[in-house]
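Chain identifiers are assigned alphabetically (A, B, ...) following the order of the sequence lines, protein sequences preceding nucleic acid strands; residue numbering begins at 1 within each chain. This one's a predicted model, so the numbers in the text were calculated from it and none came from an experiment.
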There are 2 protein chains.
Amino acid sequence: MVNKAEYDAFLARCPSRQLLDRIADKWVTLALAALRSDCAGEPRPMRYSELARTLAGVSQKMLTQTLRALERDGLVTRTVVPTVPVTVTYELTALGLSLHDTVRGLKAWAETHMDDVLTNRASYDTVRSGAGDPPRS
Amino acid sequence: MVNKAEYDAFLARCPSRQLLDRIADKWVTLALAALRSDCAGEPRPMRYSELARTLAGVSQKMLTQTLRALERDGLVTRTVVPTVPVTVTYELTALGLSLHDTVRGLKAWAETHMDDVLTNRASYDTVRSGAGDPPRS
DNA sequence: TGCGTTACGAACTTTAAGGTGCCTACTTCC
DNA sequence: GGAAGTAGGCACCTTAAAGTTCGTAACGCA
């Protein structure tokens, strides 16, 4: 693999790759969806603990890490409110909102085509393990 | 994390998540793009070795693994041609083509917005490490 | 008679991501 | 005075993914 380094550099700089690496993150799209308040009305700021409850199953570490990354990229804003015990709210930016809208294109594809994919997958698996042809001529 | 298992199960069954897991794979989108012959005209069947050359930097293992996954999902077809040393060609299916078109939506977003993201990222990093405010109030 | 080609399979090693648990500072409430 | 809640930081551990290496079968060729 002679040019692996160059190739990695190429991959690392490719905008599409960077985007994929960001949104493929396990919690990123869920956080976007939560902040978007997908299931109920308007986007609104949410508190850290509220997000933690909404994304059931996320660890504190991963939630913090995810939110930091999103803030760093300008996809959400982080606001510290100096209340009694300090509270922090997160809110989607315009950029984050537009990203989430784009991701919904993927969601649409998934919802209309993933059944086909799963069917293909199942039939592939049965043909492979069933008494079809001995592995491969 | 009481309901972690249930949550994982939920995630595992979510069509959007499954799709993301598939296309976020390092080589999947590149393979789709290659088979689509993105840079030059019409989609056409390609040989294994041709793909290996096009996706410079891919290991044989990962290429095989990627193509198998795509075949399993019905996104590409695999055709064995019994020539002297056996050759194998891969071609996008209609499903694979439609997926790639969807992914190009992401590409479009990335190309128009990733610069903003990178700018945000850079300024975030300088504010954090520079002599701005001591870490956080 | 080896050597090279094609398209892999299997085993082994390395590396990165994700998860868990323990810690903090501040204040208020019991 | 001690517990509880808020929003994390830090360090360790475990597992899953990616990469590397070696081997294979069939054949053509020098």
**Student:** Quiz question: by atom type and distance under 3.5 Å, do the side chains of B:T64 and B:Y48 form a donor-acceptor pair?
**Tutor:** yes
**Student:** Would you check, one step at a time, whether the test salt bridge (Lys or Arg N to Asp or Glu O under 4.0 Å) holds for B:R68 with B:E71?
**Tutor:** CA-CA 5 Å; B:R68 276 295 131 76; B:E71 185 198 3; 3.7 Å; yes
**Student:** Would you kindly compare A:P85 and A:K61 by the position of their nearest DNA chain C nucleotide and give the one closer to the 5′ end?
**Tutor:** A:K61
**Student:** Return the SG to CG distance between A:C14 and B:L30, rounded to the nearest 0.5 Å.
**Tutor:**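 Between atom SG of A:C14 and atom CG of B:L30 there are 7.5 Å.
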**Student:** Between D:dT6, D:dG19, C:dA7, spot the one nearest the side chain of A:T87, thanks.
**Tutor:**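 The listed nucleotide nearest to A:T87's side chain is D:dT6.
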**Student:** Check every atom of C:dT20, D:dA7, C:dC8 against the side chain of A:S59 and return the nucleotide holding the closest atom.
**Tutor:** C:dT20
**Student:** Can you find a side chain N or O atom of A:R78 that sits less than 4.0 Å from OP1 or OP2 on D:dG8?
**Tutor:**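 A:R78 to D:dG8 OP1/OP2: side-chain N or O found under 4.0 Å.
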**Student:** How long is the span from the NZ atom in B:K26 to the CG atom in A:L20, to the nearest 0.5 Å?
**Tutor:**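 B:K26 NZ to A:L20 CG: 13.0 Å, rounded to 0.5 Å.
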**Student:** Considering the terminal five base pairs at each end of the helix from C:dT1-D:dA30 to C:dC30-D:dG1, what angle separates the two local helix axes, rounded to 10°?
**Tutor:**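 Axis angle across the helix from C:dT1-D:dA30 to C:dC30-D:dG1, nearest 10°: 30°.
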**Student:** Between D:dA7, D:dG9, D:dA18, which one does the side chain of A:R68 approach most closely?
**Tutor:**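 For the A:R68 side chain, the nearest candidate turns out to be D:dG9.
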**Student:** Roughly how many Å is it from CD in A:Q60 to P in D:dG5, rounded to a whole number?
**Tutor:**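 The answer, rounded to whole Å, is 13 Å.
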**Student:** Does A:W27 put a side-chain nitrogen or oxygen below 4.0 Å from OP1 or OP2 of C:dG19?
**Tutor:**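 Yes, A:W27 has a side-chain N/O under 4.0 Å of OP1/OP2 on C:dG19.
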**Student:** Relative to the 5' end of DNA chain D, which residue comes earlier, B:Q65 or A:V86, by the nucleotide with the nearest heavy atom?
**Tutor:** A:V86
**Student:** Which whole-number value in Å describes the distance from A:M62 CE to C:dG21 P?
**Tutor:** 16 Å
**Student:** Which residues within residues 46-53 of chain A lie with some heavy atom under 4.0 Å of an atom in DNA chain D?
**Tutor:**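 A:R47, A:Y48, A:S49, in order of number.
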**Student:** From C-beta outward on B:K26, which listed nucleotide comes closest to its side chain: D:dG19, C:dC8, D:dG8?
**Tutor:** D:dG19
**Student:** Looking at residues at least two apart in the chain, or sitting in another chain, which of them share a salt bridge (Lys or Arg N to Asp or Glu O under 4.0 Å) with A:R121?
**Tutor:** B:D73
**Student:** Is there any salt bridge (Lys or Arg N to Asp or Glu O under 4.0 Å) pair reaching into residues 80-92 of chain A, and which pairs are they, with sequence neighbours excluded?
**Tutor:** none
**Student:** Taking atom P of C:dG18 as reference, at what distance in whole Å does atom CG of A:L55 sit?
**Tutor:** 14 Å
**Student:** Donor-acceptor pairs are to be reported for all side-chain atoms of residues 102-109 of chain A against protein atoms at under 3.5 Å, with residues two or more places apart or in another chain.
**Tutor:**
| residue | atom | partner | partner atom | Å |
| --- | --- | --- | --- | --- |
| A:T102 | OG1 | A:S98 | O | 3.0 |
| A:W109 | NE1 | B:S98 | OG | 2.9 |

**Student:** Using whole Å, what does the distance between atom C1' of nucleotide C:dA7 and atom CD of B:E71 come to?
**Tutor:**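 For the pair B:E71 CD and C:dA7 C1', the rounded distance is 13 Å.
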**Student:** For A:G74, is there any backbone N or O sitting under 3.5 Å from a side-chain donor or acceptor partner on A:T93?
**Tutor:** yes
**Student:** Residues in salt bridge (Lys or Arg N to Asp or Glu O under 4.0 Å) with B:R47, at least two apart?
**Tutor:** none
